Amino acid sequence: MCGIVAYIGKQQALPLLVNGLKRVEYRGYDSAGVAVLNDSGELESLKKQGKIAVLEEALRNRAAVPGTIGIAHTRWATHGVPNDANAHPHLSCDGGVAVVHNGTIENYQELRELARQQGHTFRSETDTEVLAHLLEGFLAQGDDLVTAVQRMHAVVRGAYGIAVITSKEPNRLVVARHGSPLVLGLADDGYFAASDATAFREHTDKVIYLNDGEMATFDRDGYRILTLKNEEITKCVEKLEWDLAQIAKGGYEHFMLKEITEQPTVLRQTLAGRLTDGEDPRVHLGGSPALEPILARGINRVLITACGTSWHAGLIGKRMLEKLLGLPVTVEYASEFATGHTPVDAQTLTIVISQSGETKDTIEAALRAHAAGSFVWNICNVVGSSLTRVADSGMYTHAGPEIGVASTKAFTAQVVSLALLSLKLAELCGSTRI
Ligand code: GLU
């Protein structure tokens, strides 16, 4: 799952899109591409295997593409090798629809076969391309782009964040989310959508996070948010708490080095307002609902579930929780937990940990634990991310944006957060082990 950037507004789209792709480059990718609706209302697209620099070079070698609506993508291949043809955007047969997609389409083979029988020709090996052909079919039947995306949703199984443009509606950008993150950016002279707000932070700090099952449709003067079942919804506009300096290298050779040196500041932020010192030390975690009612109903075990670095933080958390609480603590890889062998019930406190809050396996683990009656407490870094919205309550690590791919400051902040949580739980349980 990699990056999406989309723009509609008054500025030239291409430089904004390419710059946005560079901002999400840190996520890793194997190819990159863009599509712009030019000022004559035609779709122009270019995609290249390799670095964004390769795409930029190819763009320099062709005529300028004036246009103020576009979509862009960095791909991390799941279906089909990394090459130019498999890179996104994917176009419909008539070249009138362009789609970028993060995620996987599970029933793409049967949908592809069906589309072939209807006369569609495929140019890539990806699961994604089927979306462009499906949308082309619905538009040909007279649907507008919003309805076409909703009908597409009804036949597709899998996970996606998508951004779509079409020459049939040259003043429209549609994005939809079903399992892969999407955030909208509201700038003064246009609108952005991206898988990660880093892509457009320099243009705005006003964002709307889409939930699964939601979509947005933009024209140049406004936007609407709907469910994929066509219900109109109102969502609040949130303000990003971090600024551009935090996602710049700031003179360091690379991000990881910068983030290692940020750790003293980060830990102060993680601890800020959470400890009262003096005679009677107390931990204040906040979180809504607070932990007290859960403990009142009694817990007899703790389950920590996460992936990768966060899972490693969980292993340290286990030591602290067991020592301070005296309860058994299991640390489970979120992808393993999904298989359903680990016991979890109303007497289990589940702790889910993720830097981004978008780790799919961890989100699924949180949902499963919640469905089993367990109270789910999240420890996340990204404010408003998906995990924070599916968990019952939780705390932010306040580590700021982490760009370096080997996690450093976010990991340290997770460990400190787990220490605070352990102390709080011990305090609430009246543990004498502190
Ligand atoms: N499944 C799609 C592909 O392989 C999208 C991968 C991604 O999220 O980058 O092309």
Side-chain angles (χ1 to χ4, degrees), residues 1-6 17-18 20-35 45-52 54-55 70-92 97-113 115 120-135 149 152-153 155-165 174-183 193-199 210 212 215 307-308 335 356-364 385-386 405:
M1 197 177 295
C2 221
I4 287 179
V5 189
L17 295 172
V18 173
L21 287 183
K22 285 192 196 153
R23 294 269 182 219
V24 294
E25 197 164 18
Y26 73 92
R27 296 159 67 105
Y29 62 101
D30 54 55
S31 26
V34 283
S45 144
L46 190 64
K47 45 195 202 160
K48 286 278 166 205
Q49 185 197 339
K51 293 282 166 207
I52 293 164
V54 178
L55 176 70
I71 57 177
H73 189 259
T74 44
R75 176 177 188 234
W76 195 312
T78 63
H79 294 67
V81 295
N83 62 22
D84 291 357
N86 288 339
H88 300 211
H90 288 285
L91 302 189
S92 55
V97 179
V99 185
V100 290
H101 164 225
N102 282 166
T104 50
I105 305 301
E106 282 161 22
N107 57 341
Y108 80 101
Q109 272 164 321
E110 60 189 82
L111 293 172
R112 200 173 161 110
E113 198 38 51
H120 291 266
T121 311
F122 283 77
R123 301 186 194 96
S124 79
E125 300 160 333
T126 62
D127 51 341
T128 303
E129 191 183 346
V130 77
L131 303 180
H133 296 282
L134 275 173
L135 292 169
V149 167
M152 180 214 87
H153 172 71
V155 295
V156 156
R157 273 201 325 273
Y160 64 78
I162 53 166
V164 193
I165 49 178
V174 172
V175 300
R177 167 179 175 154
H178 179 69
S180 303
L182 268 184
V183 51
S195 38
D196 176 338
T198 315
L210 286 191
D212 282 345
M215 65 187 296
C307 296
S335 49
S356 65
E358 300 297 346
T359 314
K360 200 161 185 315
D361 287 323
T362 311
I363 293 169
E364 272 163 25
S385 56
S386 304
V405 166

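In this text, all values refer to a predicted model and were calculated from it rather than measured experimentally. Counting starts at 1 for both ligands and their atoms, in listed order.
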Hey, is ligand 1 close enough to His88 that some N/O pair sits below 3.5 Å? yes

Under 4.0 Å from a heavy atom of His79: give me the atoms of ligand 1 that qualify, with their elements. 4 (O)

Under a 3.5 Å distance rule, please check whether Thr359 uses its side chain to pair with a backbone N or O of Thr362 as donor and acceptor. no

Within-cut-off N or O pair, Arg75 and ligand 1, under 3.5 Å: yes

Can you check which of Tyr29, Trp76, Tyr160 brings a heavy atom nearest to atom 7 (C) of ligand 1? Trp76

Determine whether a donor-acceptor pair (N or O, by modelled atom type, separation under 3.5 Å) exists between the side chain of Asn107 and the backbone of Val156. no

Gly103 to ligand 1, any heavy atom closer than 4.0 Å: yes

Taking 4.0 angstrom as the limit and counting only heavy atoms of His101, give me the atoms of ligand 1 inside it, by number and element. 5 (C), 7 (C), 8 (O)

Tell me whether Arg112 forms a cation-pi arrangement with Phe122, defined as NZ or CZ under 6.0 Å from the six-membered ring centre and within 45 degrees of its axis. yes

For ligand 1, is any non-hydrogen atom under 4.0 Å from Thr78's backbone (N, CA, C, O), its side chain (CB onward), both, or neither? both

Quick one: does any side-chain atom of Lys47 pair with a main-chain N or O of Ala87 as donor and acceptor, under 3.5 Å? yes

For His90 and Ala98, indicate whether the former's side chain and the latter's backbone hold a donor-acceptor pair under 3.5 Å. no

Close-contact set for ligand 1 against Asn102 heavy atoms, below 4.0 Å: 8 (O)

Using modelled atom types and a 3.5 Å cut-off, is there a donor and acceptor pairing between side-chain atoms of Ser92 and backbone atoms of Val97? yes

Side chains of Val34 and Ile71: does their closest heavy-atom pair fall under 4.5 Å? no

Using a strict cut-off of 4.0 Å, indicate which atoms of ligand 1 neighbour a heavy atom of His73. 9 (O)

